[in-house]
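Step one of this worksheet: look at the structure below.
Residue numbers begin at 1 in each chain, while the letters A, B, ... track the order of the sequences.
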2 protein chains.
Amino acid sequence: MNAKEKYLGEFEQFLLLSILSLGEEAYGTTIRQLLADKIARDVTIGALYTTLERLEKKGFVESKMGEATRERGGRAKKYFKVSASGEQALKRSKQALNTMWQDVTLRGEHCYE
Amino acid sequence: MNAKEKYLGEFEQFLLLSILSLGEEAYGTTIRQLLADKIARDVTIGALYTTLERLEKKGFVESKMGEATRERGGRAKKYFKVSASGEQALKRSKQALNTMWQDVTLRGEHCYE
DNA sequence: AGATTTATTCTACTTTGTAGTTTAAATTAT
DNA sequence: ATAATTTAAACTACAAAGTAGAATAAATCT
């Protein structure tokens, strides 16, 4: 089976969405921060990079090292962006989940009709 | 960390949704069939039961053996249903994903405004 | 040069996802 | 009554994804 046809894990989805959300400012620290802010998910930085690397190996994200900026200390940032096939994979995962939710209503939830 | 506070894997979500969707008729074979029909995901029966068992251990589903029916051969069915905490976990996962999608628009997709 | 800051890489382990084979319990045909 | 058939679950083993924590690197500042 082609890698492109596999589903993404949930954490992988979160990372892809974070990167898309952050645009030009997507790198380790900001991604981690966004996850903490938006969905209260605190992952260690190690967990993050491991998954990012796997996503890159599968071709779902691309990365490039940033220039050393003159305004601050610290190592260069590694910027990430979602590839076209990453977006496709994301879309597939979303659709599958939507389809599954379609005829399910949880107790205490409202029906949409 | 409490088990109830952890996120579900994506396949776990699919199983919970299948069970909810099937209502009184949720057991191994029908769940497998539903996954194949709805989202073209073909899992082996072994994969299915393994995950079902783990979900049960975590308290997200409950099971009971069905009566032997007089109308057909074959072993008794094991019926599954989603527990209250299973529903909660599902709701949390859905919300997290919704939040993450909120300010993301994929190429070629429509904005909702 | 040494301290500080910012950020990535490495290593190891746990949990989830997945397949394939085996076993079990019922009915049906001989 | 027993062997064949049907339906379905249990078991075993491995691959992939999720997670943590320490180590390392590359800048700037004093």
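- We find that CZ of B/Phe80 is positioned 11 Å from C1' of D/dA8, with the value rounded to whole Å.
- Interface residues of residues 35-44 of chain A facing DNA chain C, ordered by number: none; criterion, heavy-atom separation under 4.0 Å.
- Rounded to an integer number of Å, the gap from B/Leu48 CG to C/dT21 C1' is 16 Å.
- Distance, B/Gln13 CD to C/dG17 C1': 14 Å, rounded to whole Å.
- Of the candidates C/dT6, D/dA8, D/dT19, the closest approach to any side-chain atom of A/Arg75 belongs to C/dT6.
- No side-chain donor-acceptor contact under 3.5 Å links B/Ser18 and B/Lys38.
- Atoms CD1 (B/Ile31) and P (C/dT18) sit 15 Å apart, rounded to a whole Å.
- A/Ile45 comes within 4.0 angstrom of a nucleotide base, judged by non-hydrogen atoms across all strands.
- Look at A/Glu12 and A/Lys58 and you find a salt bridge, because one of the NZ, NE, NH1 or NH2 atoms lies within 4.0 Å of a carboxylate O, short of that distance.
- Proximity of the aromatic rings of A/Phe11 and B/Tyr7 is defined here by a centroid distance below 6.0 angstrom, and this criterion is not met.
- Rounded to whole Å, atom P of D/dA16 lies 16 Å from atom CD of A/Glu53.
- Of all heavy-atom pairs spanning B/Leu97 and A/Glu10, the tightest one is CD2-OE2, 4.2 Å.
- Distance check, rounded to the nearest 0.5 Å: CD1 of A/Ile39 to CD of B/Gln95 gives 11.5 Å.
- For the pair B/Lys78 NZ and C/dA24 P, the computed distance is 15 Å after rounding to whole Å.
- Atoms NZ (A/Lys57) and C1' (D/dA15) sit 14 Å apart, rounded to a whole Å.
- Applying the salt bridge (charged side-chain N to carboxylate O under 4.0 Å, His left out) test to B/Glu53 and every residue at least two apart in sequence or in another chain returns nothing.
- Using modelled atom types and a 3.5 Å distance limit, the side chains of B/Asn98 and B/Gln102 yield no donor-acceptor pair.
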Interface polar pairs with nucleotides 11-16 of chain C, N/O, under 3.5 angstrom:
unit_1: C/dT16; atom_1: OP1; unit_2: B/Lys58; atom_2: NZ; d: 3.1

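- Checked by atom type, the side-chain pair A/Glu56/A/Ser63 shows a donor-acceptor distance below 3.5 Å.
- Checking the phosphate oxygens (OP1, OP2) of C/dA25, no side-chain nitrogen or oxygen of B/Lys77 falls inside 4.0 Å.
- Atom P of nucleotide D/dA8 and atom CG of B/Leu22 are separated by 13 Å, given to the nearest angstrom.
- B/Ser85 approaches B/Gly59 most closely through the heavy-atom pair OG-O, 3.1 Å.
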